[in-house]
Amino acid sequence: MADPVLTVAELLRPAFAAVAGGECDPTVRPSDRADAQVNGSLALAKKMGKPPREVAEAVMAQANLSAVCSTTEIAGPGFVNLTFANEFLAGELRAAMADPRLGVRTQAAKRFVVDYSAPNVAKEMHVGHLRSTVIGDAIVRMLEFFGHHVVRENHVGDWGTPFGMLIEHLIDLGEAEASRELSVGDLDMFYKQARQKFDADDTFKERARKRVVALQGGDTETLRMWKLLVAESTRYFDRVYDLLGVLLRDSDIMGESAYNQLLPEVVERLSKANMLVTSDGAEVVFVDGFVNRDNEPLPLIIRKGDGGYNYATSDLATVIDRVERLKVDSMLYVVGAPQAQHLEMVAAVARKAGWLPDTVEFNHVVFGSVLGEDRKILKSRSGETVKLDALLAEAVERAEAAISEKNPELDVATRKAVARQVGIGAIKYADLSIDRVKDYIFDWERMLSFDGNTAPYLQYAHARICSIFRKSEHSRESVRGGTVDIDHAAERALVLRLLQFDTAVVDAVERHSPHRLCTYLYELAGEFSAFYEQCPVLRAPDDATRASRLMLCDSTARVMEQGLALLGIEAPEQM
RNA sequence: GCCUCCGUAGCUCAGUGGAUAGAGCAACGGUUUCCUAAACCGCAGGUCGUAGGUUCGAUUCCUACCGGGGGCGCCA
């Protein structure tokens with residue numbers, strides 16, 4: 001528990017309880033008038049029918065904050081302003097930095113499944129996959145940091161009617177040629193050609209239809225060709241994931257096809273539970289509270305009129321699998337907002353059918369769209385969807401151009417490596433730093449800027465610290481374990497901010513909101529900037545001050561590096 | 001029509017029921033023999049979409065309305 005706000009809240013809790021005659025939240029919050037402010041007296045005063053300042057006084061008389069606060073002051077209508085003692089802060093920082101977790105609390109380990117990314121086989125990954133992939137990845141990293149057991153599931157679209165036409169197109173092209181085309185990464189062309197034939201040619205359409213039946217019937221030769229398509233796509237996904245620097249690997253792929261065997265089970269269970277109804281030729285479940293356009297009950301379609309299953313069925317199957325086989329405590333679906341209602345219905349059916357106990361969380365981690373400058377879904381200039389690998393390549397290119405211009409001394413190899421870290425970091429951070437439920441406007445200039453809440457700004461703060469150490473006689477490690485003397489306001493502010501890493505990470509993971517960690521890191525970088533400006537490190541007035549400031553620098557770099565790592569962003573040592 | 005999300009400075013965005021709502025950009029005015037000027041300081045900019053309600057206290061919670069996005073039976 002590094003955050004001093006929590007420490008003081010715990011110290012105040014008994015005092016509040018004594019005055020209130022029972023459990024009572026002190027509600028301690030960071031304050032712009034002091035280090036922290038206690039708000040609990042006002043609510044308690046109302047309950048007790050006493051003047052708030054009187055209650056505050058009574059509480060403070062009961063509490064002993066002398067080890068933690070240098071001053072406490074009752075102010076305004078009944079707030080208590082707290083100023084932490086410098087020795088306390090220095091001690092807390094020392095303790096936090098002696099901890100490999102940098103002072104971040106631990107949590108009771110739980111089992112999670114995080115469902116994210118989900119591209120389609122034989123289709124290009126586009127900007128629409130960016131948010132799910134990047135946000136999901138950050139959430140996985142944060143959960144793992146807390147020691148949770150996390151199963152990553154990449155629910156790729158590898159099944160369904162389009163595969164009839166794709167396989168037939170593969171046959172037309174010849175496998176060698178198809179493989180060649182797919183391996184180049186030009187998946188869109190392949191898909192479009194198949195689509196075109198499907199739309200224009202009735203005999204092809206009929207072949208495709210028959211092929212789907214063969215595929216679902218488990219025909220060996222059809223399956224072999226299907227696997228070929230999947231394998232080529234997987235290789236392509238890996239390339240994108242590698243460039244993007246996310247954790248997803250082949251072994252994380254749990255495509256729709258992986259749930260095929262469970263689909264009849266879904267139907268059977270729903271049928272046994274008497275939830276299944278035949279409606280317009282399809283087998284459906286009507287879900288309480290959902291209505292259609294005409295105010296009629298809205299069904300979840302389990303089995304289509306033609307006997308085929310659809311995505312609702314396989315999504316229900318994922319719930320069974322994750323609860324019963326993986327035995328998870330929590331499922332996170334990092335899926336775009338348009339699927340909100342669908343997922344709500346899936347969860348409702350699973351709960352009602354008894355597959356999803358109340359003890360297991362089902363969370364839709366919604367996110368908004370990536371918009372262009374016209375505030376519409378981001379499209380390329382020609383009006384097509386923006387390919388993800390092209391987008392990433394452009395980011396690296398732009399970053400490299402900026403680095404060449406600003407820091408020409410870097411050798412080519414370093415420049416290339418840093419360009420990748422900065423360019424990819426910028427794209428990911430632009431995505432992560434905005435409240436995920438909102439849409440955001442994609443803007444190259446802003447995300448690659450060294451000013452404002454951007455990856456390059458944070459990375460630069462880190463690189464500056466590394467630069468200081470390169471010029472000093474000391475290694476980063478050698479200054480650890482030292483003591484910080486707080487005698488400058490900027491040092492004090494920096495220490496206080498470093499101790500809040502704890503709360504920032506907990507907050508971000510609990511709300512599944514990486515942007516809260518981003519905001520924290522931005523504030524940390526700002527605090528460091530002020531310190532850097534006002535407190536010379538290498539030219540400090542004396543050895544003790546220099547040692548103290550080097551320790552502060554190292555602490556900042558460690559928190560920045562760890563914080564960025566939790567977001568899936570690298571921190572170069574120079575840029 | 002119903003459901004749902006969003007609406008905060010000119011622009012892009014933070015904001016945990018608490019006191020005087022914050023950043024960055026842009027604009028305006030400054031700072032450099034100094035550990036990376038890829039920096040910093042100052043100034044200005046607001047009916048927190050509107051109107052009610054709950055509360056000692058509302059940008060924050062509730063209701064209605066306005067504006068925008070998304071969804072609403074056999075695609076996923």
Side-chain angles (χ1 to χ4, degrees), chain A residues 5 27 29-33 37 39-40 42-43 45-46 52 75-79 81 118 120 155 157 159-162 256 279-284 286 289-306 308-312 314-315 335-342 344 366 368-369 371 375-377 402-403 405-407 409 430 433-435 437-441 443 445-447 449-454 456-457 459-460 463-465 467-472 503 507 515-516 518-519 522-523 526 529-530 532-540 549 553 574-575:
Chain A
V5 166
T27 46
R29 297 285 183 271
S31 175
D32 51 354
R33 308 189 169 217
Q37 61 182 54
N39 300 333
L42 285 90
K46 175 67 181 172
F79 302 105
N81 291 337
N120 292 306
H155 197 60
W159 203 253
T161 42
E256 286 160 20
S279 171
D280 293 342
E283 298 191 69
V284 308
F286 287 103
F290 293 89
V291 292
N292 70 8
R293 231 177 278 270
D294 304 313
N295 217 22
E296 294 158 349
L298 185 67
L300 196 60
I301 293 173
I302 304 302
R303 198 162 200 183
K304 298 185 286 184
D306 65 6
Y309 302 104
N310 70 355
Y311 71 124
S314 82
D315 281 341
V335 174
Q339 296 216 41
Q341 180 177 279
H342 165 71
E344 259 181 75
V366 285
S369 314
L371 307 181
R375 303 182 135 275
K376 289 179 178 161
I377 303 281
I403 294 163
E405 187 196 333
K406 309 288 188 185
N407 194 356
E409 298 96 72
S433 60
I434 285 168
D435 186 358
V437 307
K438 295 185 179 176
D439 297 341
Y440 79 92
I441 297 173
D443 182 337
E445 216 166 293
R446 210 169 47 238
M447 74 175 72
S449 164
F450 286 77
D451 296 302
N453 192 8
T454 67
Y457 179 69
Q459 288 170 322
Y460 179 55
R464 267 177 146 179
I465 295 171
S467 168
I468 291 173
F469 276 94
R470 273 197 301 276
K471 293 197 174 167
S472 81
T503 292
D507 222 30
H515 91 278
R516 300 188 73 91
C518 295
T519 302
Y522 176 52
E523 284 164 349
S529 236
Y532 181 88
E533 199 65 27
Q534 296 167 48
C535 303
V537 178
L538 299 179
R539 287 172 289 104
R549 288 180 179 170
C553 283
Q574 47 183 329
M575 50 195 288

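Labels below follow one simple rule: chain letters A, B, ... track the order of the sequence lines, proteins then strands, and each chain is numbered from 1. All values below come from the heavy atoms of this structure, side chains included, with hydrogens, waters and symmetry mates left out. The model shown is predicted, which means the values in this text are computed figures rather than measured ones.
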Tell me every residue that passes salt bridge (charged side-chain N to carboxylate O under 4.0 Å, His left out) with Arg549(A), counting only those two or more places apart in sequence or in another chain.
Glu491(A)
Between atom CG of Leu371(A) and atom NZ of Lys438(A), what is the distance when rounded to the nearest 0.5 Å?
12.5 Å
Spacing between Asp451(A) atom CG and A37(B) atom C1', to the nearest angstrom
11 Å
Inter-residue atom distance Tyr309(A).OH - Ser314(A).OG, 0.5 Å rounding
11.5 Å
With a non-hydrogen cut-off below 4.0 angstrom, is Ala45(A) in contact with a base, only sugar-phosphate, or nothing?
nothing
Regarding Ala402(A), tell me which of base, sugar-phosphate or nothing describes its non-hydrogen contacts under 4.0 Å with the strands shown.
nothing
Without decimals, in angstroms, what is the distance between Tyr522(A) OH and A23(B) P?
9 Å
Using atom P in both nucleotides, what's the gap between A58(B) and C48(B) to the nearest angstrom?
13 Å
Whole-Å gap separating C1' (U36(B)) and CZ (Phe469(A)):
16 Å
Considering only the P atoms, how many Å lie between G67(B) and A39(B), rounded to the nearest integer?
43 Å
Pairing residues for Phe286(A) by the ring pair (Phe, Tyr, Trp, His ring centres under 6.0 Å) criterion, not counting sequence neighbours
none
My understanding is that only residues two or more places apart in sequence, or in another chain, count here; which of them pass salt bridge (charged side-chain N to carboxylate O under 4.0 Å, His left out) with Glu523(A)?
Arg497(A)
Reading RNA chain B from 5' onward, which residue's closest nucleotide shows up sooner: Asn407(A) or Asp294(A)?
Asp294(A)
I'd like to check the side-chain contact (heavy atoms from CB on, under 4.5 Å) partners of Asn310(A); sequence neighbours left out, ordered by chain and number.
Ile301(A), Lys304(A), Ala312(A), Thr313(A)
Who are the ring pair (Phe, Tyr, Trp, His ring centres under 6.0 Å) partners of Tyr311(A), not counting sequence neighbours?
His342(A)
Distance between C1' atoms of A26(B) and C34(B) (Å, rounded):
29 Å
For Asn39(A), the side-chain hydrogen bond (donor to acceptor under 3.5 Å, both in side chains) test, sequence neighbours excluded, returns Gln37(A)
Sugar-phosphate or base contact per nucleotide [nucleotides 4-13 of chain B; S, B, -; heavy atom under 4.0 Å]
-SSS----SS
Determine the minimum heavy-atom distance between Phe469(A) and Cys553(A), stating which atoms define it.
CE1-CB, 3.9 Å
Sequence neighbours excluded, which residues qualify as ring pair (Phe, Tyr, Trp, His ring centres under 6.0 Å) partners of His155(A)?
Tyr259(A)
For the pair Thr454(A) (side chain) and Ser449(A) (backbone), establish whether a donor and an acceptor sit closer than 3.5 Å, ignoring hydrogens and angles.
yes
For the pair Asp439(A) (side chain) and Gly368(A) (backbone), establish whether a donor and an acceptor sit closer than 3.5 Å, ignoring hydrogens and angles.
no
Looking only at atom C1', what distance separates A37(B) and U60(B), rounded to whole Å?
40 Å
Checking Arg446(A) side chain against Ile441(A) main chain: does a donor-acceptor pair fall under 3.5 Å?
yes
At under 4.0 Å between heavy atoms, what does Asp507(A) touch on the DNA or RNA strands: base, sugar-phosphate, or nothing?
nothing
What interatomic distance, in whole Å, is found between P of A9(B) and the corresponding atom of A64(B)?
25 Å
Spell out protein contact along nucleotides 28-35 of chain B as letters: B when the base is contacted, S when just the sugar-phosphate is, - when no protein heavy atom is under 4.0 Å; keep the 5' to 3' order.
------SB
When rounded to whole Å, the CE to P distance for the pair Met575(A) and A37(B) reads 13 Å
Each nucleotide in nucleotides 70-76 of chain B should get exactly one letter: B, S or -. Can you fill that in based on protein heavy atoms under 4.0 Å?
SSBBBSB
Kindly express the pairing pattern of RNA chain B in dot-bracket notation, using | wherever a base pairs with another strand and counting only Watson-Crick or G-U pairs under 3.5 Å.
(((((((..((((....[...))))..((((.......))))......(((((..]....))))))))))))....
Residue met sooner reading RNA chain B from 5', once Pro30(A) and Lys406(A) are mapped to nucleotides:
Pro30(A)
Looking at residues at least two apart in the chain, or sitting in another chain, which of them share a salt bridge (charged side-chain N to carboxylate O under 4.0 Å, His left out) with Arg516(A)?
Asp507(A)
Please report the distance, rounded to the nearest Å, between CD in Glu445(A) and C1' in G24(B).
13 Å
Please measure how far the C1' atom in G15(B) lies from the corresponding atom in A23(B), and state the result in whole Å.
10 Å
Roughly, in whole Å, what's the span from CD in Gln37(A) to P in U20(B)?
11 Å
Look at the side-chain N and O atoms of Ser529(A) and state whether any lies under 4.0 Å from the OP1 or OP2 oxygen of C40(B).
yes
Write down the atom of Leu538(A), the atom of Ile468(A), and the distance for their closest heavy-atom approach.
CD1-O, 3.8 Å
Select base, sugar-phosphate, or nothing to describe what Asn39(A) touches, counting heavy atoms under 4.0 Å on all strands.
base
Look up atom CZ in Phe79(A) and atom CG in Leu42(A), then write down how far apart they are to the nearest 0.5 Å.
5.0 Å
Say you pick atom P in G10(B) and the same atom in A44(B); how far apart are they, in whole Å?
16 Å
Return the value, rounded to whole Å, for the distance between atom CZ of Arg29(A) and atom C1' of G57(B).
14 Å
Measure from CG on Asn81(A) to C1' on U20(B) and round the result to the nearest Å.
14 Å
C43(B) and G24(B), which share atom name P, separated by this distance in whole Å
12 Å
